[in-house]
Amino acid sequence: MRYILTSLLFSGLLCFPLANAWASSDAPLADIDFDRSSESIKRGAYAAKNTCMICHNLKYIKYLNLLEIDFTQSEVDTFRGKAAFDSPIKSSTSPEVAQKLFGMVPPDLSLMAKARRGGARYIYTLLTSYQVNNEGVVENHLFPGIKMPDPLTYAYRTDEARQKELKQTIQDVAVFLEWAADPRAGERRHLGMYVIGYLIVLTFLFYLLKRKIWSRLD
Amino acid sequence: MSKLMSWVDARFPLSKFIKEDLTDYPTPRNLSYWWNFGFLAGFVLVLQIISGIFLAMHYKADASLAFDSVEHIMREVNYGWLIRYVHSTGASAFFAVIFIHMARTLYYGSYRAPRELMWWTGQGLLLLLMATAFMGYLLPWGQMSYWGAQVITNLFRATPFIGDEVVVWLRGGFSIGDATLTRFFALHYLFPFLIVAVVLIHLVALHSVKSSNPSGINLAEKDNIPFHPYFTAKDFYGLGVFLIIFCYFVFFMPQFFIEADNNIPANPLKTPTHIVPEWYFLPFYAILRSIPDLLGGVIAMGLSVMIFAAMPFLDRSSIPGGARYRPFYRVLFYVFVIDVIVLGYVGAKPPTGVLVVVGQVSTFIYFGLFALLPFLSIKEDKWLRKRGLPAEVDVLIKSESEEIEKKAKKNT
């Protein structure tokens, strides 16, 4: 009975956040294994700079932060052009012009991988969901009515080799934005391994101590 | 050292306090691990206060700066991400620990005489905790922070006659804004210290009536053991297990308890498609939505939290040991747990179709169980006494009362 109670309580408590997470997962996201190597993140940074950053800001990432993803100093200098080393990465379109072009200012991308359920998978799915419909208009199934025009002209790339290449670029952009949303994630997981390892040893010692002390009562 | 101690002891009962309330404090030896959660709640409270104070050193309670200052903590402050994730995960851990602590009290009937004041101070702590969590959730100034606060403060519109004025007064404006953020920050910093004060009262009451135990009767002296080293060792082992689970979430799944929408800065012009409260409010939120009328819903939600206080009156049984020796009460307990989980699920989903009915039925069951308890506990009492108590309880009650009598004779 006690075990039933225990499992009920714990599974029940876990249910709530899960129910929250399921509450609005309407469209299925692409199921892919991301390549999170630093080469891929770095390629993603260049691709994002040449496409996304034309219209979007990446305001929580400064050029100097690129050193954290294995950019060399001279690569950062080429990347930033005339922008200051410690300035945030800003779009090359002014908000006023963007407002005129799209009817809205494109959202900042620094937190995009956290602000959508599915994170990098959402970004990947969104960018690979552009298609030409029967009337010859480009549509996005994941986000019907999206104001962002197909940024990589994915919808028109029908030959397989070129599409494969584009998918690789899109996955690079997705993992780059994932890094941008949580640049401390690597450090966090690294430290976490030590913390959990330490706690397991400590708890085991506490368990032995408890057993030893309580054995005095027998 | 001993000279210093005797100097202090002549002026303040320090040694007496350490002896009577910490080291030699008599504790029933049959406590199960379910009795660890009070200590864990105290630990999480301290963790939240410490991490919160460090966050406050870098946070800016200003509608135009709040969101950026959280990102500043996450990215630029040394170990800021750790402090912030400990605090955000700690809020969920606090409720998880408190819910289990309450479930233990309900299961073993620990709220019964003479522990009513423990239960009622605990009820006060639950309200303070909910208020603190609610106000703290506004501070990151994300979309869900903003709209959650908008929806919940809007409930006060149900106040008769002066509803609209009350809402404006609470928010400091016609909608959630800078004034709301600064006052919530001030109160979010104050309330934990009120919680500490009520926890102290909770503990004074505890040390006067002593811990309940799974048998449900007060144990004789021979079955009580000193708190130290037995329960210090047991509590530390429990703490270790808790910390492993807690740190797993902090280091590997820190976004698990944070709504994706809360990573978008608050935008008063754009309502999210689906506003959900934090998971620990979901069952109560489901009850609120199950009543079609605003005032009725608010009353039902308030009652669903406050009704626990009535437990010492509703439970009329004289059988010791809560659900352990009471089969009907045990069924009631498990139905209640399942019902709360169902309500939590309904609260997380948009209120459409069959879920509306499920929510209403679950709300009815929620209150129905409390309404049923007085009659059921009397009937169960009669039935159990006619059948005879389980041999185990009979033997225990006899031996414990003999032991207490012997002690009383010795003293006279």
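Reminder, nothing fancy here: chain letters follow the sequence lines and each chain counts from 1.
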Next on the checklist: Would A:Leu191 and B:Trp81 count as a side-chain contact (heavy atoms from CB on, under 4.5 Å) here? Give the steps.
Outcome noted: CA-CA 12 Å; A:Leu191 184 61; B:Trp81 56 268; 3.9 Å; yes
For chain B, which residues from [range] have at least one heavy atom closer than 4.5 Å to it?
{"range": "residues 170-188 of chain A", "answer": "A:Ala180, A:Ala181, A:Asp182, A:Pro183, A:Arg184, A:Glu187, A:Arg188"}
{"range": "residues 91-104 of chain A", "answer": "none"}
{"range": "residues 52-61 of chain A", "answer": "A:Lys59, A:Tyr60, A:Ile61"}
{"range": "residues 197-218 of chain A", "answer": "A:Leu199, A:Ile200, A:Thr203, A:Phe206, A:Tyr207, A:Lys210, A:Ile213, A:Trp214, A:Arg216, A:Leu217"}

Checklist entry - Just wondering, more than 12 heavy atoms not from A:Asn50 lying within 6.0 Å of its CG? => result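 Atom CG in A:Asn50 is packed in, count exceeds 12.
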Checklist entry - In this structure, are over 12 heavy atoms from other groups packed under 6.0 Å from B:Phe236 atom CZ? => result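 Atom CZ in B:Phe236 is not packed in, count stays at 12 or less.
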Next on the checklist: With a 4.5 Å cut-off on side-chain heavy atoms, are A:Leu111 and B:Met74 touching?
Outcome noted: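 Side chain of B:Met74 against side chain of A:Leu111, heavy atoms only: no contact under 4.5 Å found.
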Next on the checklist: At a heavy-atom distance under 4.5 Å, which candidate from B:Asn263, B:Asp68, B:Ile258, B:Leu243 has the highest pair count against chain A?
Outcome noted: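 Of B:Asn263, B:Asp68, B:Ile258, B:Leu243, B:Asn263 has the most heavy-atom pairs under 4.5 Å with chain A.
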Interchain contact, [X] with chain A, by part (heavy-atom threshold 4.5 Å):
{"X": "B:Glu76", "result": "side chain"}
{"X": "B:Leu239", "result": "neither"}
{"X": "B:Arg29", "result": "both"}

Checklist entry - Which region of A:Met112, side chain (C-beta onward) or backbone (N, CA, C, O), has a non-hydrogen atom less than 4.5 Å from a non-hydrogen atom of chain B, or is it both or neither? => result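 No part of A:Met112 comes within 4.5 Å of chain B.
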